[in-house]
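First up is the structure itself, then whatever we jot down about it.
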Amino acid sequence: MSPGPRKVAVVGVALSDCGRLDTATPYALHAQAARRALADSGLDKEVVDGLASAGLGTLAPLEVGEYLGLRPTWVDSTGVGGSTWEVMAAHAADAIAAGHANAVLLVYGSTARADLKAGRRRANLSFGTRGPAQFEMPYGHTLVAKYAMAARRHMHQYGTTLEQFADIAVQTRANAAHNPQAMYRDPITVDDVLGGPVIADPFTTLHCCIRSDGGCAVLLAAQEYVADTAKPPVWVLGAGTAVSHTTMSEWADFTVSPAAVSGRQAFERAGITPQDIEVAELYDAFTYMTLVTLEDLGFCAKGEGGAFVEGGRLLIGGELPVNTDGGGLSACHPGMRGLFLLVEAVRQLRGEAEAGRQVRKEGGRLPRLAVASGTGGWFCSSGTVVLGRD
């Protein structure tokens, strides 16, 4: 009889330097994050036999692996936008559980901000004009415009207000105030959000994520390695993935994201419900993403997200702390931010966040369950991972 699947733990997490990094290269940020994650785990580099990387090089993760001095026997280069890393984590956990890999490193680094400042890229991200995109590009339908149109649909259908969207940005900034690594920490008000320059109606600047440089890494390993790690394990309890559309005409409902599928899968596989979750790290390129993901993961009913986010519920001391590092709206957003969600979730479960930023539950105890849910494209894809500690 063959043994059952192995348990999988996150054993190391780290950020590279983040923020304003005018002289760094993406490869250097990959290496810095990888070294720090390995140091955090206490394991040797030689145990890493799997590598997941996307967004850098022509043959990612081959080029990244070579730069890091790795010769993996299991690789993943899935590219589905911001949810890439939750999808990769799901793939890696399955591979480790099945015995196809022992320790998989997920690593990312980007100098999106520095490249823009130096003129190496333009401000608008283009996905090209071939394939399905050819039918939308003539109308100038940018990524932010797609999210803005979806937000307007939610407002029309459910009565969600601009003030409720703005409140998400305000609470996320309040969480960032306790994070010394966050790019923006000064408090903002709903009026500040509403009164800013319009980017794509109804979004003003503060409804949209910041642009930063930075990288991070996460190391997953099989249960037999846990005894040799430097930190307590954070277990991967369940994960789910889903894709929806690429052209807006094929999006059946602008108010529903693929997190409605990936979240249900992740919670069922973990054997828990959304109400068991004590910390949520959600992709927040725009305030609307946070609201609709909360609905689709089951924290509130469809259409009730506006009321749900009111009253400070998302603050570190709130009923459901969300994006405790300040998220992409205030802390950092170097591009495909999904891996940062996993890093922050693990740090919260370990109790490693700074004073004022660490979530504490009744009696001062640390949270036991967290969810990280990434979104790709304009709600095109989703990956959701449930994490728990002993």
Determine whether Pro334 and Asp213 make a side-chain contact, defined as any pair of heavy atoms from C-beta on separated by less than 4.5 Å.
no

Are any of the side-chain heavy atoms of Leu38 and Leu219 separated by less than 4.5 Å?
yes

Search all heavy atoms of Ala60 against all heavy atoms of Ala54 and return the closest pair with its distance.
CB-CA, 4.4 Å

Salt bridge (charged side-chain N to carboxylate O under 4.0 Å, His left out) partners of residues 287-312, not counting sequence neighbours, each pair once
Glu295-Lys302, Asp296-Lys302

Quick one: does any side-chain atom of Trp251 pair with a main-chain N or O of Cys380 as donor and acceptor, under 3.5 Å?
no

Look at Asp17 together with Arg36 and state whether they make a salt bridge at an N to O cut-off of under 4.0 Å.
yes

Give the minimum heavy-atom separation between Ala89 and Leu106, together with the two atoms involved.
N-CD2, 3.8 Å

Would you say the side-chain atoms of Gln134 pair up with the backbone N or O of Gly131, donor to acceptor, closer than 3.5 Å?
yes

Applying side chain to side chain contact (heavy atoms under 4.5 Å, CB included) to Leu387 and Val236, what does each step give before you reach the verdict?
CA-CA 5 Å; Leu387 301 168; Val236 178; 4.0 Å; yes

Nearest atoms (heavy-atom pairs only) where Arg20 meets Tyr184:
NH2-OH, 3.7 Å

Side chains of Asp390 and Trp235: donor-acceptor distance under 3.5 Å anywhere?
yes

Search all heavy atoms of Gly328 against all heavy atoms of Asp284 and return the closest pair with its distance.
N-OD1, 2.6 Å

Restricting to side-chain contact (heavy atoms from CB on, under 4.5 Å), what partner residues turn up for Thr287, sequence neighbours left out?
Phe165, Ile168, Ala169, Phe203, His207, Leu329

With no hydrogens and no angle check, do the side chains of Thr172 and Ser330 hold a donor and an acceptor under 3.5 Å apart?
no

Option from Leu291, Leu297, Thr290 for which side chain to side chain contact (heavy atoms under 4.5 Å, CB included) with Thr293 holds
Leu297

Using a 4.5 Å cut-off between side-chain heavy atoms of Ile, Leu, Val, Met, Phe, Trp and Tyr, which other residues end up in the same hydrophobic cluster as Leu315?
none

Please check if the side chain of Thr247 supplies one atom and the backbone of Pro132 the other of a donor-acceptor pair under 3.5 Å.
no

When you measure from the side chain of Gln348 to the backbone of Ala353, do you find a donor-acceptor pair of N or O atoms at a distance under 3.5 Å?
no

Do Gln164 side-chain atoms and Thr161 backbone N/O form a donor-acceptor pair below 3.5 Å?
yes

What do the steps show when you test Leu56 against Glu63 for side chain to side chain contact (heavy atoms under 4.5 Å, CB included), and what is the final call?
CA-CA 8 Å; Leu56 181 63; Glu63 293 179 27; over 6 Å; no

Can a donor-acceptor pair be found, under 3.5 Å and without considering hydrogens, that links the side chain of Gln181 to the backbone of Cys18?
no

Taking atom types as modelled, is there a side-chain donor on Glu281 or Thr324 under 3.5 Å from an acceptor on the other?
yes

Without swapping roles, check the side chain of Asp76 against the backbone of Thr78 for a donor-acceptor pair under 3.5 Å.
yes

Looking at Phe379 versus Phe254, is the centre-to-centre ring distance below 6.0 Å?
no

Is any side-chain heavy atom of Leu341 less than 4.5 Å from a side-chain heavy atom of Tyr283?
yes

Pair Asp325 + Arg337: basic N to acidic O under 4.0 Å:
yes

Should Val13 and Leu342 count as side-chain neighbours, where that means a heavy-atom distance under 4.5 Å?
no

Is Glu66 atom CD crowded by more than 12 heavy atoms from other residues, nucleotides or ligands, each under 6.0 Å away?
no

Grab the two heavy atoms, one from Pro367 and one from Arg389, that are nearest each other, plus how far apart they are.
O-NE, 2.7 Å

Looking at Arg152 and Asp201, is any side-chain nitrogen of the basic one under 4.0 Å from a carboxylate oxygen of the acidic one?
yes

Restricting to pairs with a member in residues 374-384, which pass salt bridge (charged side-chain N to carboxylate O under 4.0 Å, His left out), not counting sequence neighbours?
none

Could you measure the distance from the CG atom of Asp115 to the CG atom of Asp22? Nearest 0.5 Å is fine.
10.0 Å

Applying salt bridge (charged side-chain N to carboxylate O under 4.0 Å, His left out) as the test, list every pair that has at least one member in residues 215-230; sequence neighbours left out.
Arg6-Glu224

Arg313 versus Gln171, closest heavy-atom pair with distance:
N-OE1, 3.3 Å

Specify whether Tyr27 and Tyr67 have parallel, tilted or perpendicular ring planes, treating 30° as the upper limit for parallel and 60° as the lower limit for perpendicular.
tilted

Applying salt bridge (charged side-chain N to carboxylate O under 4.0 Å, His left out), which residue pairs with at least one partner in residues 178-200 are found, sequence neighbours left out?
none

Tell me whether His245 contacts the main-chain N or O of Trp378 through its side chain, where contact means a donor paired with an acceptor under 3.5 Å.
yes

Closer than 3.5 angstrom, by distance alone: can the side chain of Tyr225 be matched with the main-chain N or O of Ala103 as a donor-acceptor pair?
no

Test item: Glu86 and Thr241 side chains (from C-beta on) under 4.5 Å apart, heavy atoms
no

